[in-house]
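Numbers for residues simply follow the sequence, beginning at 1. Owing to the predicted nature of the structure, the values given are computational and were not obtained by experimental measurement.
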Amino acid sequence: MGSGSNSDGALGLEDKKKYHTFTSIPVNDVRTVAMGNSFTLVMKNNGSVWATGWNAYGQLGVGDMTAKDRFTATNLTADVSVIAAGGEHSLALKKDGTVWGAGYGYVGALGSNAPSAENPSFVQIFSGAKAIAAGAEHSLILKTDGTVYASGGSGFGQTGTGNTGEVKTFTQVVESSGTPLRDVAEIFAGYYRSFALKTDGTLWAAGDNSYRQLVPGNDNNCPKFVKIASGVKSVSVGRTHSLILKTDGTIQTLGYVNPFDQLGGNSTIEVKVNDTHTYDYITYLRLYDRSKTAELRYYDQNIVTGGSAYTIKVKPGTYSLELKLKNATSSTTHTFTVSDNGKVTVLYEWVSPTVGYRWTITSSK
């Protein structure tokens, strides 16, 4: 069954209407499904692959580059065990360990063995593989020996090879120390991120960290794999956030999310500036949960002297608020609790030549 946007026929319902409720899709004997950017792959129980939706680069693998609005057979008719859909490319892993790819190859997502930058049929691109994963512009392959290889766009370092450009051949990924990443049991790919779960339960990640969806302490991207968690069972990867399932059954949240539905309540956070000395101003705010592991909201907002206070409506709770002043070399973070129907005011002000600047936090009802 499927629901949602269908402008390119990605639901395979033989039309391009939006569907607001789950609707039965006329394709049978399906074992697994993979969704890309406005296209869908299915693998049937007989190991064949079928596809529908957007097909500008041949990512459906059906032999042409024309969009489809019904599931159409690809040239992979048997023996496929795993499928993965990227932004504009598709991957399939066969039982013999060979990896096959279709679609967009301009930035290297299909490696150097693809015959063209646009591949309308599946072509073999790798061998000796155990698992595959596809991001927006990159691909990951886990080999049977526990090592990982990556190829494709790496502007955020998402290939984990240390490269921040285009990686056009499958290259072994490395840890932050520069040594090859080994003993990997599973791999996962997000939009511009990559994850590797080792056999010892440690989780390693590379790529886009602009919303702290990899490393909570900073927003620097990670061009090599860094260890981010232990005791991990699995990972689910969104575009700007990551969910980590621990072996004890708890879930760790990283990135730009609202995990506890904390926004839009009856309490208020108010931010003001009163600088009559140099007229400095706040350039952005980041609101986090109390542990500063989950970013609830990013506000690209200039807050100036004499202007209105900037307000954020929240539910009662404890928050961390990071603020960046225009002339400051680093940001400042304040942690406080907002009561039910209460207000917390964060004020940056110039006091006097003797005192200088100060931050003041006040609570009121």
Side-chain angles (χ1 to χ4, degrees), residues 208-221 228-229 238-244 246 250-365:
D208 181 17
N209 190 44
S210 55
Y211 292 102
R212 291 175 167 86
Q213 59 267 55
L214 301 183
V215 182
N218 63 73
D219 55 8
N220 299 324
N221 296 331
I228 65 170
R239 181 164 181 169
T240 59
H241 74 289
S242 311
L243 300 177
I244 301 171
K246 297 291 194 73
T250 60
I251 296 175
Q252 181 180 354
T253 307
L254 296 172
Y256 182 30
V257 294
N258 186 16
F260 308 112
D261 191 28
Q262 288 295 91
L263 300 179
N266 63 353
S267 302
T268 304
I269 299 172
E270 182 180 74
V271 183
K272 295 180 177 180
V273 173
N274 182 24
D275 176 13
T276 57
H277 181 57
T278 62
Y279 292 92
D280 200 0
Y281 57 90
I282 292 171
T283 60
Y284 75 73
L285 306 87
R286 292 181 191 267
L287 184 66
Y288 298 89
D289 65 343
R290 65 185 303 164
S291 61
K292 206 179 177 185
T293 58
E295 181 172 331
L296 306 178
R297 193 69 181 265
Y298 172 82
Y299 304 89
D300 184 8
Q301 182 73 32
N302 287 341
I303 305 173
V304 302
T305 295
S308 301
Y310 191 76
T311 59
I312 305 170
K313 300 299 291 185
V314 296
K315 293 181 179 178
T318 301
Y319 299 89
S320 291
L321 182 66
E322 176 187 337
L323 309 104
K324 175 68 168 61
L325 292 160
K326 178 179 182 295
N327 294 319
T329 56
S330 61
S331 59
T332 300
T333 301
H334 304 280
T335 300
F336 46 79
T337 298
V338 188
S339 62
D340 185 26
N341 204 32
K343 180 172 71 174
V344 169
T345 299
V346 179
L347 172 65
Y348 177 73
E349 63 178 337
W350 168 258
V351 180
S352 68
T354 303
V355 177
Y357 291 95
R358 72 181 176 193
W359 289 94
T360 304
I361 300 176
T362 56
S363 299
S364 61
K365 275 286 191 177

Next item on the list: Could you list all the salt bridge (Lys or Arg N to Asp or Glu O under 4.0 Å) pairs where at least one residue sits in residues 325-339, not counting sequence neighbours?
Entry: none
Check: Taking C-beta and beyond as the side chain, do Leu321 and Leu285 meet within less than 4.5 Å on heavy atoms?
Finding: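 Leu321 vs Leu285: side chains touch.
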Check: Quick one: are Leu347 and Asn274 in side-chain contact, heavy atoms under 4.5 Å?
Finding: yes
Can any side-chain N or O of [X] pair as donor or acceptor with the backbone N or O of [Y] at less than 3.5 Å?
X      : Y      : answer
Thr332 : Leu323 : no
Asn221 : Asn209 : yes
Thr283 : Asn302 : no
Thr305 : Thr276 : no

Can you name the closest pair of heavy atoms from [X] and [Y] and give their distance?
X      : Y      : result
Asn341 : Ser267 : N-OG, 3.0 Å
Leu214 : Ile228 : O-CG2, 3.5 Å
Ser363 : Thr337 : OG-O, 4.5 Å
Glu322 : Ser331 : OE2-OG, 3.0 Å

Starting at [atom1] of [X], measure out to [atom2] of [Y] and round the result to the nearest 0.5 Å.
X      : Y      : atom1 : atom2 : result
Ile251 : Lys246 : CD1   : NZ    : 11.0 Å
Ile282 : Ile303 : CD1   : CD1   : 4.5 Å
Asp208 : Gln213 : CG    : CD    : 4.5 Å
Lys272 : Thr311 : NZ    : OG1   : 11.0 Å

With [X] via side chain to side chain donor-acceptor pair (under 3.5 Å) - residues at least two apart:
X      : value
Thr278 : Asp275, Tyr357
Asp340 : Asn266
Thr250 : Asp248
Thr345 : Glu270

Margin query: Using the rule given for side-chain contact (heavy atoms from CB on, under 4.5 Å), can you reason through Asn220 versus Val215, listing the C-alpha separation, both sets of side-chain angles and the distance that settles it, and then say yes or no?
Written below: CA-CA 8 Å; Asn220 299 324; Val215 182; over 6 Å; no
Please name all residues satisfying side chain to side chain contact (heavy atoms under 4.5 Å, CB included) with [X], sequence neighbours left out, ordered by chain then number.
X      : result
Thr329 : none
Val304 : Tyr281
Ser339 : Lys365
Ser308 : none

Margin query: side-chain contact (heavy atoms from CB on, under 4.5 Å) for Phe336 and Val346? Distances and angles first, verdict last.
Written below: CA-CA 10 Å; Phe336 46 79; Val346 179; 4.0 Å; yes
Check: Thr268 and Lys313: side-chain donor and acceptor closer than 3.5 Å?
Finding: yes
Next item on the list: Inspect the surroundings of NZ in Lys343 and state if more than 12 heavy atoms from other residues, nucleotides or ligands are less than 6.0 Å away.
Entry: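 Count not over threshold, so no.
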Margin query: Set out, in order, the CA-CA distance, both residues' side-chain angles and the distance that settles side-chain contact (heavy atoms from CB on, under 4.5 Å) for Val344 and Thr362, then state yes or no.
Written below: CA-CA 6 Å; Val344 169; Thr362 56; over 6 Å; no
Margin query: Both conditions, 6.0 Å and 45 degrees, for the charged tip of Arg286 above the ring of Tyr284: are they met here?
Written below: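 Yes; both conditions hold, so Arg286 lies above the ring face of Tyr284.
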